[in-house]
*Asks:* 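Have a look at this one.
One-based numbering, in listed order, for ligands and for the atoms of each.
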Amino acid sequence: MSEKKADYSSLAQTLSWKDGVLTLIDQTLLPVEVKFEEQKSIEQVWDSIKKLKVRGAPAIGIAGAYGLLYGVKDKTDLSREAFLRELRKSAEYLDTSRPTAVNLSWALKRMVSVAENMKESTAAEMYAALEKEAVTIHDEDRAICRNIGLNGKVLIKDGMGVLTHCNAGSLATSELGTATAPMYLAHEDGVRFRVYADETRPLLQGARLTSWELQQSGIDVTLITDNMAAFIMSKKLIDLAIVGCDRVAANGDTANKIGTMGVAILAQHFNLPLYIACPSSTIDFETESGDDIVIEERDPEEVTFFGARRTGPEGIKVRNPAFDVTPHELIAGFITEKGIIYPPFKENLKKVFGE
Ligand code: MRU
């Protein structure tokens, strides 16, 4: 494994926490404008998650952890019990912002349990511990993404084409991304490969975010629309697909951005491996299979408008599921911070990550 420390200064820091203030890049404005937005309240953080100003499973977990601090920062003169009540209420509220990515509820639960375990402490002491925990969650994510990169980069070899869908990049995490981490580290090692980024309708995370951040870092990236993936694969331009995930069920079924299942089916047809890049915080052993994953349905206007332009008739019936579930049989492996996990997933995920 490479010990070389890279300079990732060209990668935008999606989230930062300084002097009690959370600052986010407003990802809805990319790639036209890089605007940093200071968050002033828990309601604003909720809204930023809901509107996808901050998005991507690990990033919304980190934003949730910091957001929780806004909910209780003025409550440090309360009794321990009253402070805990406010904390739980704030966590429940933030958890309603988006349902599919388990990282949000994972981070909120982790934060609440830190305070619950401080049996003899004052509210002020609990607040200080919570702030430390949120920063730890953020820092851990940096290390996890790096290890995903180190474990996954061996899959990318000279001359290969790699397809990715949506944005599981630095913008969706603390630094290197999950699906993009193997790409960044392979690139740093001098491997010459091409990335094809699906544009990812309806909100274009692939076009607006992935192709933007890979281009910035000097990786050879080509943007395609979602319906071009089959053609590009048929021309033998793709050797493997790497995507991120929002929730992995105990049996390996994986929720990720809508369209991922289509990529998986195509990959199977063309006999290409599909890898899911996955921090352990995205594995949900309490969810048995993909059937039990709640899929977020979003505003129909995301489908009937393309930017400001109406592209569907008024009053048309619309479905807008934000995620789909790729059955585990279509997945070659999970690239995690602890190595690549191969089938049988139910047994092997449990062996590596289960309690
Ligand atoms: O709706 P989004 O943009 O939050 O969806 C994001 C994805 O589907 C990502 O692939 C996933 O969260 C992994 S991010 C490392």
*Asks:* Determine whether more than 12 heavy atoms belonging to other residues, nucleotides or ligands lie under 6.0 Å from atom CD of Glu286.
*Replies:*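 Count not over threshold, so no.
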
*Asks:* Return yes if some donor-acceptor pair links the side-chain N/O of Gln27 with the main-chain N/O of Arg208 below 3.5 Å, else return no.
*Replies:*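 The answer is no, because no donor-acceptor pair under 3.5 Å joins these two groups.
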
*Asks:* Count the heavy atoms belonging to other residues, nucleotides or ligands that lie under 6.0 Å from CD of Glu288, then report whether that count exceeds 12.
*Replies:*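 No, not enclosed.
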
*Asks:* Can you sort out the partners of Arg298 under salt bridge (charged side-chain N to carboxylate O under 4.0 Å, His left out), two or more places apart, ordered by chain and number?
*Replies:*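 Here the qualifying residues are Glu296, Glu302.
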
*Asks:* Would you tabulate the polar-atom pairs, meaning N/O of ligand 1 against N/O of the protein, with distances under 3.5 Å, reported to 0.1 Å?
*Replies:*
{"unit_1": "ligand 1", "atom_1": "1 (O)", "unit_2": "Arg98", "atom_2": "NH1", "d": "3.3"}
{"unit_1": "ligand 1", "atom_1": "1 (O)", "unit_2": "Arg98", "atom_2": "NH2", "d": "2.8"}
{"unit_1": "ligand 1", "atom_1": "1 (O)", "unit_2": "Lys257", "atom_2": "NZ", "d": "2.7"}
{"unit_1": "ligand 1", "atom_1": "3 (O)", "unit_2": "Arg55", "atom_2": "NE", "d": "2.5"}
{"unit_1": "ligand 1", "atom_1": "3 (O)", "unit_2": "Arg55", "atom_2": "NH2", "d": "3.3"}
{"unit_1": "ligand 1", "atom_1": "3 (O)", "unit_2": "Gln205", "atom_2": "NE2", "d": "2.9"}
{"unit_1": "ligand 1", "atom_1": "4 (O)", "unit_2": "Gly56", "atom_2": "N", "d": "3.1"}
{"unit_1": "ligand 1", "atom_1": "4 (O)", "unit_2": "Arg98", "atom_2": "NH1", "d": "2.7"}
{"unit_1": "ligand 1", "atom_1": "8 (O)", "unit_2": "Asp246", "atom_2": "OD1", "d": "2.9"}
{"unit_1": "ligand 1", "atom_1": "8 (O)", "unit_2": "Asn256", "atom_2": "OD1", "d": "3.0"}
{"unit_1": "ligand 1", "atom_1": "8 (O)", "unit_2": "Lys257", "atom_2": "N", "d": "3.2"}
{"unit_1": "ligand 1", "atom_1": "10 (O)", "unit_2": "Asn256", "atom_2": "OD1", "d": "2.6"}
{"unit_1": "ligand 1", "atom_1": "12 (O)", "unit_2": "Ala57", "atom_2": "N", "d": "2.8"}
{"unit_1": "ligand 1", "atom_1": "12 (O)", "unit_2": "Asp246", "atom_2": "OD1", "d": "3.2"}
{"unit_1": "ligand 1", "atom_1": "12 (O)", "unit_2": "Asp246", "atom_2": "OD2", "d": "2.9"}

*Asks:* Is Asn117 atom CG crowded by more than 12 heavy atoms from other residues, nucleotides or ligands, each under 6.0 Å away?
*Replies:*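 Yes, the 6.0 Å shell around CG holds more than 12 heavy atoms from other groups.
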
*Asks:* Tell me, please, whether Phe285 has Lys350 positioned over its six-membered ring: NZ or CZ under 6.0 Å from the ring centre and within 45 degrees of its axis?
*Replies:*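 Judged by the rule (NZ or CZ under 6.0 Å from the ring centre, within 45° of its axis), Lys350 counts as positioned above Phe285.
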
